[in-house]
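A short worksheet on the structure shown next.
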Amino acid sequence: MSDHTVAAPHTFHIPVMGTGFTIDSPLKVARYGISSSISLVDDVLIEQVRKFYCQQENEPYEEITNSSEDSRASRITAYLNLVDRLGKRQGKELQSSDFTQGSEISKYYELLPDDAPLKKIYAEMLATSDPSKKSALQDELRSKAVPGSIDVNIMTKLDRDHYKKGEKLPPMNADAMSALRGFAESTLSSAMVFSAGINKRLYRYMTEFKDFFPDQHGEFKKRIILKVSDHRSSEIQGRFLAKLGLWASEFRIESGLNCGGHAFASKGFLLGVVLEEFKRKKNELLEKLLPMYAKGLSAKGEFAGKLPDDFRITVQGGVGTADEHSFLLKHYGVNSVGWGTPFMLVPEATHMDDVNIKRLMDATGDDVFLSDASPLGVPFWNLRTSTSEDARRARIQEGKPGSSCPKGFVGFNTEFSKKPICLASRAYIKKKLEILPEEGLSPEAYEKVKEKILAKSCICHELAGNVTVPLGIDPDAAATVCCGPGIVDFSKIATLQEMVDHIYGRLSLLTSSDRPHMFVKELGLYVDYLRKEIDNFPIGLASNSASFLEGMRENLFKGIDYYQTLSNQLVEDSQEKFLMELKKMRIALEPLFLKKA
């Protein structure tokens, strides 16, 4: 194994979900060897959760207020240090527990995949009747019960600048920059996951923190993970970082549409096709990046005696069965597979309030939709029956659409003011609706634009409701639920053991066996997206250019061709169904093209 990677006992990880669902997931699952990610968007929520855990664990707590020095970064550092401290304590307690049924250390090993080397040692320990051999094996197992990584996530686009007395403050005060500083100054030894594309000033800022550079042994205290949707993006971002003397330890490939939360539709680059390119070009990419990285390190005067010889490739987005999980690992050689949305129904791993988790369990395909809710103007997976959507519709009915915008993390619009405001704010929606009749839109376009304006939701505050309601911090909060479309395949609350058993094929939690393969599901989402864009094109409301949409259609056809050649690699009993579904998708795609004027 390469020196800069971290040994992972599991072949899955829990990606970041919203701002609240995984805010304390490491305190729930890290001791069992499961890696998860904390969102650093909402420092108000982070401070509230820190207070909750300090009180619960009898830790000293001193409030970091909005007026405190460098409050955002300080809140993040304080919370991450607390999570690190509590996580280490949990790990030691687990290692010292007895190997009895239901104990913490027994649970650690029961959760592991059956073919894991450590699971075999565990089975040997249980089977032996020799007291001295049993004791020696138990000592070995205790030392090898390593925790999962406590990673953090920054959405690079959420880098709002701040103002004081009307003057813009220096870049280091911006949201993403402060969040990076908060992580960099924490005691955690883990990874920063960057999502939503490149942010050059943010990446340059990393060079100011020693932890992102290798130590004398070539190891990193703080690693870098880039979430990407295609190979080109990984190369662009990897090269930019390497020239700065920074190494991307992992490229985390995510489906453009078959995911939860924000959906960044690619130009029809389907997940299987992207994975195939990564598999084919991994060594080539490594050979390109290493010389740049060595040169970048030297220019910074950092140690460059021992360079990394590898990077991890991981994948997430829409996986739902043990067969799919296993196929991704074996066929594409990925190091780990992300399971997000299904864990929303696992209270032992994530947070959700009682009302919304019940609505999630009952959700049908019509209830989970790609919405215009996000003020970022990016399609956003949403639960139509969530308490947040209830509240949004009620405000419209009362003639008071929009949010009071209590946090303002996505305030970027300057159409009506010098200081940026949020598209979901009451102030923006009121002004936008007032001038809409003057914009000369056709009746059809007018109604669609109005619908888009009113669809905007206060996702930065209401995503926190999934935590603040159950923890009693804000019992009356409305909560946004940004599940992926795959949630309809699951319909009951599961224990951590049950969900992990589902991932590893020891049991099935699927609601229906008629579920389409994850590759077919993603393809269908792209066909639907293309259809909607083509419908909106003549009235000027498409999000993409004609050439982009034509390229998307062409790439989807190429993707279908690729999947047809791949079908014989799939599990035998599902191959025929897979090919039949591909045929249906091809037929649906055929008539989708822009008519020439």
Side-chain angles (χ1 to χ4, degrees), residues 15-18 153 155-157 193-198 225-237 250-279 313-320 324 328 332 334 337-341 368-374 376-382 482-487 516-534 536 542-545 547-560 562-563 566 582 585 588-589 592:
V16 71
M17 290 191 277
N153 178 263
M155 193 171 175
T156 56
K157 292 185 188 303
V193 183
F194 290 111
S195 59
I198 197 167
I225 297 176
L226 297 177
K227 193 195 284 187
V228 295
S229 58
D230 57 55
H231 188 272
R232 181 173 171 272
S233 175
S234 69
E235 186 169 339
I236 291 169
Q237 294 189 68
E250 178 179 325
F251 292 100
R252 184 164 287 184
I253 305 158
E254 183 173 67
S255 167
L257 286 179
N258 198 11
C259 56
H262 287 95
F264 295 89
S266 70
K267 197 176 181 178
F269 301 122
L270 298 175
L271 190 61
V273 177
V274 173
L275 285 168
E276 188 67 47
E277 187 175 9
F278 267 93
K279 179 182 175 181
I313 302 291
T314 58
V315 62
Q316 59 199 41
V319 63
E324 290 171 354
L328 293 170
Y332 297 110
V334 300
V337 177
W339 284 70
T341 289
V368 183
F369 70 115
L370 200 53
S371 72
D372 292 310
S374 174
L376 291 177
V378 177
F380 183 78
W381 283 106
N382 213 347
C482 57
C483 54
I487 194 62
H517 190 279
M518 61 179 290
F519 288 164
V520 173
K521 178 67 177 176
E522 184 198 41
L523 174 59
L525 293 173
Y526 267 102
V527 170
D528 290 344
Y529 180 87
L530 179 61
R531 183 183 293 112
K532 186 176 178 183
E533 283 288 274
I534 288 171
N536 282 333
S543 303
N544 299 284
S545 67
S547 61
F548 185 94
L549 296 178
E550 286 164 6
M552 179 183 283
R553 182 176 185 269
E554 185 181 334
N555 287 328
L556 292 178
F557 276 124
K558 287 178 181 175
I560 292 172
Y562 165 76
Y563 284 148
L566 187 72
L582 286 180
M585 287 294 130
L589 186 58
L592 299 183

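In this structure, Phe264 has no ring pair (Phe, Tyr, Trp, His ring centres under 6.0 Å) partners at least two apart in sequence or on a different chain. Not a single salt bridge (charged side-chain N to carboxylate O under 4.0 Å, His left out) links Lys279 to another residue, sequence neighbours left out. Among residues two or more places apart in sequence or in another chain, the side-chain contact (heavy atoms from CB on, under 4.5 Å) test is passed with Asn544 by Tyr529, Glu533, Phe548, Leu549. For Glu324, the salt bridge (charged side-chain N to carboxylate O under 4.0 Å, His left out) partners two or more places apart in sequence, or in a different chain, are Arg515. In terms of the salt bridge (charged side-chain N to carboxylate O under 4.0 Å, His left out) criterion, Glu276 has no residue partners (sequence neighbours excluded).
Residue pairs meeting the side chain to side chain donor-acceptor pair (under 3.5 Å) criterion with at least one member in residues 225-234, sequence neighbours excluded, are Ser233-Gln237.
Between Val273 and Lys558 there is no side-chain heavy-atom pair separated by less than 4.5 Å. Contact annotation: the side chain of Met518 approaches that of Leu328 to within less than 4.5 Å [non-hydrogen atoms, C-beta and beyond]. The closest side-chain heavy-atom distance from Ile253 to Tyr332 is not below 4.5 Å. For the pair Thr314 and Val334, the minimum side-chain heavy-atom distance is 4.5 Å or more. Leu271 places none of its side-chain heavy atoms less than 4.5 Å from the side chain of Asn258. Residues Ile560 and Leu589 form a side-chain contact, since some pair of their non-hydrogen atoms from C-beta on lies under 4.5 Å apart. Between Leu523 and Leu582, the closest side-chain pair of non-hydrogen atoms falls below 4.5 Å.
Atom CG of Asn153 is separated from atom CZ of Phe194 by 9.5 Å, given to the nearest 0.5 angstrom. Atoms CG and NZ, on Leu376 and Lys157 in that order, are 8.5 Å from each other to the nearest 0.5 Å. To the nearest 0.5 Å, atom CH2 of residue Trp381 and atom CG of residue Leu370 are 5.0 Å apart. Between the CD atom of Glu550 and the OG atom of Ser545 there is a distance of 8.5 Å, given to the nearest 0.5 Å. Between atom CE of residue Met585 and atom NZ of residue Lys521 there is a gap of 9.0 Å, rounded to the nearest 0.5 Å. If you take OG on Ser195 and NE2 on His262, they are separated by 10.0 Å, rounding to the nearest 0.5 Å.
Without hydrogens or angle criteria, Thr156 side chain to Ile198 main chain gives no donor-acceptor distance under 3.5 Å. The closest donor-acceptor contact from the side chain of Ser374 to the backbone of Pro379 lies at 3.5 Å or more, if one exists at all.
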- Message: Working note: Val193 + Val16, criterion side-chain contact (heavy atoms from CB on, under 4.5 Å); need CA distance, chi angles, decisive distance, verdict.
- Response: CA-CA 9 Å; Val193 183; Val16 71; over 6 Å; no
- Does the side-chain contact (heavy atoms from CB on, under 4.5 Å) test come out yes or no for Leu556 and Leu592, once each step is laid out? CA-CA 11 Å; Leu556 292 178; Leu592 299 183; over 6 Å; no
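Between Tyr563 and Phe519, the ring-plane angle classifies as parallel under the 30° and 60° cut-offs.
Here the shortest heavy-atom pairing between Ala588 and Val527 reads CB-CG1, 4.1 Å.
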